[in-house]
S.K.: 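Just passing along the structure, written as structure tokens.
All figures in this text were calculated on a predicted structure; none of them were measured in a lab. We number each residue from 1, following the sequence as shown.
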Amino acid sequence: MFKVLLAVDGSENSMRAVQHVIKRSGAAKDQYQVELVNVQYPLHGSVAGFISADQVKQYHHDEGMKVLAGAADALKAAGVSFAHHLFVGQPAEVIARFASEQKCDEIMVGTRGLSALGGLLVGSVASRIIHLADAPVVLVK
């Protein structure tokens, strides 16, 4: 079984990564297991002072499920086996840690395809994942 952590954020770029996983699985769909992951950033500031922890948790769940919906639908339609996971935290750190814990063979993420200088100036979750992860990271433009 080939295990892929597929990180999605709801963008067109992450949907290209979903399509890439589907294409790569090809006729060997029964040999692929996709760990579909979305990481929500924690709420900052004094927001938590105005709403309960349960409301914050529900908000993160609802937003994460919205992000995962398109990817999950595409994987289901293609017959690719997957499990979905929602987290709250810093995306690169969470993704790298979860991939290691799950013993994923690779991590796949969509990227905007910025130049090296653009990525350096803007900062990039994908670049950070590359530095933190033990598994190979596939960037899909």
Side-chain angles (χ1 to χ4, degrees), residues 1-26 28-141:
M1 183 73 60
F2 190 77
K3 191 182 278 193
V4 178
L5 185 151
L6 175 57
V8 297
D9 63 5
S11 68
E12 287 182 35
N13 303 319
S14 67
M15 286 306 294
R16 282 195 291 277
V18 171
Q19 292 304 318
H20 190 70
V21 166
I22 291 168
K23 180 179 175 182
R24 282 186 56 194
S25 67
K29 287 178 180 54
D30 59 335
Q31 296 300 311
Y32 262 71
Q33 172 60 39
V34 175
E35 302 297 334
L36 184 60
V37 172
N38 174 255
V39 182
Q40 296 285 308
Y41 284 101
L43 296 179
H44 291 287
S46 58
V47 173
F50 297 103
I51 56 178
S52 72
D54 286 340
Q55 289 172 311
V56 171
K57 185 176 179 178
Q58 186 64 48
Y59 168 78
H60 286 303
H61 178 268
D62 293 347
E63 291 301 306
M65 292 306 291
K66 283 184 216 174
V67 168
L68 292 176
D73 290 346
L75 291 168
K76 280 181 205 169
V80 177
S81 176
F82 72 95
H84 71 273
H85 309 276
L86 298 173
F87 298 100
V88 176
Q90 296 304 313
E93 287 80 0
V94 171
I95 289 165
R97 183 180 65 244
F98 188 68
S100 178
E101 290 169 358
Q102 296 298 308
K103 297 179 176 41
C104 291
D105 296 299
E106 73 181 17
I107 300 168
M108 189 164 305
V109 295
T111 180
R112 293 182 303 213
L114 294 175
S115 66
L117 179 60
L120 178 65
L121 295 175
V122 175
S124 169
V125 171
S127 293
R128 186 100 175 107
I129 292 169
I130 291 169
H131 291 289
L132 295 173
D134 296 325
V137 179
V138 177
L139 303 178
V140 180
K141 277 188 173 186

S.K.: State whether a side-chain donor-acceptor pair under 3.5 Å links S11 with D9.
M.R.: yes
S.K.: Of the non-hydrogen atoms in V39 and G89, which two are nearest, and what is the gap between them?
M.R.: CG1-O, 3.5 Å
S.K.: Taking L86's backbone N and O only, do any of them form a donor-acceptor pair with N38's side chain (distance below 3.5 Å, no angle check)?
M.R.: no
S.K.: Can you give me the closest heavy-atom contact between K29 and A78, atom names plus distance?
M.R.: CE-O, 2.5 Å
S.K.: Keeping K103 on the side-chain end and S100 on the backbone end, is there a donor-acceptor pair under 3.5 Å?
M.R.: no
S.K.: How far does OG of S127 sit from CG of L139, to the nearest 0.5 angstrom?
M.R.: 7.5 Å
S.K.: To the closest 0.5 Å, what do you measure between CZ (R24) and OH (Y32)?
M.R.: 4.0 Å
S.K.: Which residue in the set H60, K66, M65, H61 passes side chain to side chain contact (heavy atoms under 4.5 Å, CB included) when paired with E63?
M.R.: K66
S.K.: For V109 versus A7, what's the shortest heavy-atom pair and its separation?
M.R.: CG1-CB, 3.6 Å
S.K.: Determine whether more than 12 heavy atoms belonging to other residues, nucleotides or ligands lie under 6.0 Å from atom CD of E12.
M.R.: no
S.K.: Take a 6.0 Å sphere around CZ of F98 and say whether it holds more than 12 heavy atoms from other residues, nucleotides or ligands.
M.R.: yes
S.K.: Considering only heavy atoms from C-beta outward, does the side chain of N13 approach that of T111 to under 4.5 Å?
M.R.: no
S.K.: Test salt bridge (Lys or Arg N to Asp or Glu O under 4.0 Å) on R97 and E93 and set out the steps.
M.R.: CA-CA 6 Å; R97 183 180 65 244; E93 287 80 0; over 6 Å; no
S.K.: Nearest heavy-atom pair of M1 and D30: which atoms, and what distance?
M.R.: CE-O, 3.6 Å
S.K.: Supply the atom-to-atom distance H20 NE2 to S25 OG, rounded to the nearest 0.5 angstrom.
M.R.: 10.5 Å
S.K.: Measuring from K3:NZ to C104:SG, what's the distance to the nearest 0.5 Å?
M.R.: 5.5 Å
S.K.: Side chains of L43 and Y59: does their closest heavy-atom pair fall under 4.5 Å?
M.R.: yes
S.K.: When rounded to the nearest 0.5 angstrom, what distance separates CG in D62 from CD in Q40?
M.R.: 10.0 Å
S.K.: Of all heavy-atom pairs between V88 and Y41, which one has the smallest distance, and what is that distance?
M.R.: CG1-C, 4.2 Å
S.K.: Roughly how far, to the nearest 0.5 Å, is CD of E35 from CD1 of I95?
M.R.: 13.0 Å
S.K.: Please report the closest heavy-atom contact between H85 and L68, naming both atoms and the distance.
M.R.: O-CD1, 4.3 Å
S.K.: What do you reckon, is NZ of K57 surrounded by more than 12 foreign heavy atoms closer than 6.0 Å?
M.R.: no
